[in-house]
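Structure record follows, encoded as structure tokens.
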Amino acid sequence: MAAWDPSVYRRNAAYVPELGRPLLDLLAPRPGELVLDLGCGDGGLSIELAAGGAQVIGIDASPAMVAAARARGVTACVADARTLPFDAAFDAVLSNAVLHWIREADDVLVSVRRVLRPGGRFVGEFGGHGNVAAIVTALTAVLARRGIDAAAVNPWFCPTPDDYAARLERAGFRVREIALIPRPTPLPTGMRGWLETFAGRFFDALPPADRAKTMDETIALLRPALCDAHGRWTADYVRLRFAAVLDA
């Protein structure tokens with residue numbers, strides 16, 4: 001998991017919680033329901049859930065993000081999504097832009113099943129098959145020039161709908177809907193800001209003296225595909241959105 005700085009995240013990736021708002025409609029929380037925001041970050045979606053009348057607890061693996069969420073009034077704690085510290089406590093679990101960071105997907109699903117009450121809902125969105133494919137291809141090329149296998153350091157799990165639906169069903173969920181959503185996403189601080197925020201694992205594999213040059217090479221490779229004539233960058237996001245129910 002990346003080490004997150006809340007101020008850097010807000011500057012480079014404030015669009016992440018904004019683009020997650022459709023999940024609130026998909027979840028359709030009812031007043032008084034207890035909802036777990038899995039990977040709450042600095043609490044943006046937790047606040048919106050609470051404004052609709054839900055009781056919300058946020059968890060995140062990053063102490064800095066949890067502190068930022070608490071500073072905004074969110075009830076939040078540091079926890080690992082693979083070993084959530086609750087049992088049959090929640091009416092629903094919401095997760096936005098988190099699950100692609102956890103390769104042990106089946107462990108997460110078992111953990112989510114355990115914290116939900118019978119009939120509980122699990123709604124989420126994360127990077128699906130083909131997510132940032134151009135970016136990964138460029139990173140693979142520049143690392144290969146330096147004798148590094150990018151697949152060995154790639155932190156992301158980006159499944160197909162069929163793959164993830166099967167995992168949900170094995171964990172005891174009934175899938176209500178699941179689909180890939182192509183979402184080219186404008187980057188407010190360009191590709192450099194995106195790489196610095198999200199792709200640190202690739203560059204950490206390099207000697208410190210080589211990281212800046214490698215990032216420059218990556219950006220140069222991506223410019224023809226992801227940067228327009230006005231210098232505006234777009235990330236080639238593909239999201240996997242799903243809604244599932246834990247049968248009673």
Side-chain angles (χ1 to χ4, degrees), residues 14-62 65-66 68-102 105-128 161 164-181 183 239-248:
Y15 56 84
V16 173
E18 292 173 5
L19 294 175
R21 287 197 178 105
L23 293 178
L24 303 181
D25 293 331
L26 188 58
L27 184 67
R30 294 179 285 274
E33 282 193 316
L34 185 58
V35 178
L36 178 67
D37 186 354
L38 192 161
C40 64
D42 67 359
L45 288 182
S46 297
I47 290 170
E48 296 200 30
L49 281 167
Q55 301 177 58
V56 184
I57 295 175
I59 70 101
D60 203 282
S62 165
M65 285 296 200
V66 167
R70 288 175 174 171
R72 302 177 72 183
V74 175
T75 299
C77 62
V78 177
D80 187 328
R82 298 165 296 184
T83 54
L84 292 167
F86 311 100
D87 287 295
F90 293 92
D91 299 295
V93 174
L94 178 79
S95 184
N96 178 49
V98 173
L99 299 176
H100 53 260
W101 288 102
I102 309 173
D106 295 325
D107 293 342
V108 174
L109 293 175
V110 169
S111 185
V112 170
R113 180 187 65 195
R114 190 183 66 252
V115 307
L116 279 171
R117 296 168 180 158
R121 291 110 62 213
F122 183 27
V123 169
E125 182 178 298
F126 63 105
Y164 202 67
R167 292 172 187 268
L168 283 162
E169 289 166 359
R170 285 198 301 269
F173 291 93
R174 177 166 44 86
V175 179
R176 287 172 40 207
E177 59 181 270
I178 188 166
L180 288 177
I181 303 171
R183 184 191 289 152
R239 311 314 267 179
L240 182 65
R241 184 181 295 171
F242 68 91
V245 178
L246 183 64
D247 284 330

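The two atoms that bring A243 and V123 nearest to each other are CB-CG2, 4.0 Å, heavy atoms only. For A69 against G41, the heavy-atom pair with the smallest separation is CB-O, 3.6 Å. When every heavy atom of A171 is checked against every heavy atom of L109, the shortest pair comes out as CB-CB, 3.8 Å. Nearest heavy atom pair, residue P29 against residue A54, reads CB-CB, 4.3 Å. Across all non-hydrogen atoms, the minimal contact from R72 to D42 is CD-O, 3.1 Å. Considering all non-hydrogen atoms of both residues, I102 and A81 come closest at CD1-CB, 3.7 Å.
If you look at Y164 and F126, their ring centroids are closer than 6.0 Å.
No side-chain donor-acceptor contact under 3.5 Å links S95 to the backbone of V98. With R114 contributing its side chain and L84 its backbone, the two residues share a donor-acceptor pair below 3.5 Å. Under a 3.5 Å cut-off, the side chain of Q55 and the backbone N or O of G32 do form a donor-acceptor pair. Judged by distance alone, the side chain of R70 and the main-chain N or O of A76 form a donor-acceptor pair under 3.5 Å. Within the 3.5 Å criterion, the main-chain N or O of A89 finds a donor-acceptor partner in the side chain of R117. Although no hydrogens or angles enter the test, the distance criterion places no donor-acceptor pair under 3.5 Å between the side chain of D60 and the main chain of V66.
To the nearest 0.5 Å, atom CZ of residue R241 and atom CZ of residue R183 are 5.5 Å apart. To the nearest 0.5 Å, the span separating CG on D37 from CG on N96 amounts to 8.0 Å. Note: L116 CG to F90 CZ = 9.0 Å, rounded to the nearest 0.5 Å. How far CG of L180 is from CZ of R239: 11.0 Å, rounded to the nearest 0.5 Å.
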Check residues 16-23 and write down every donor-acceptor pair under 3.5 Å in which the side-chain atom is one partner and the other belongs to a residue at least two apart or another chain.
unit_1 : atom_1 : unit_2 : atom_2 : d
R21    : NE     : E48    : OE1    : 3.3
R21    : NE     : E48    : OE2    : 2.6
R21    : NH2    : E48    : OE2    : 3.1

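With contacts defined as side-chain heavy-atom distances shorter than 4.5 Å, the pair L99/F242 qualifies.
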Subject >> Test side-chain contact (heavy atoms from CB on, under 4.5 Å) applied to L26 and E177, step by step >> reply: CA-CA 10 Å; L26 188 58; E177 59 181 270; 3.5 Å; yes
**OP:** Step by step, work out the side-chain contact (heavy atoms from CB on, under 4.5 Å) result for L38 and I59.
**Re:** CA-CA 5 Å; L38 192 161; I59 70 101; 4.2 Å; yes
**OP:** Take D91 and R121 through the test salt bridge (Lys or Arg N to Asp or Glu O under 4.0 Å) and record every step on the way to the result.
**Re:** CA-CA 7 Å; D91 299 295; R121 291 110 62 213; over 6 Å; no
**OP:** Could you walk me through whether V112 and L36 pass side-chain contact (heavy atoms from CB on, under 4.5 Å), step by step?
**Re:** CA-CA 10 Å; V112 170; L36 178 67; over 6 Å; no
**OP:** Output, in order, the C-alpha distance, side-chain angles, deciding distance and verdict of side-chain contact (heavy atoms from CB on, under 4.5 Å) for L49 and L27.
**Re:** CA-CA 10 Å; L49 281 167; L27 184 67; 4.0 Å; yes
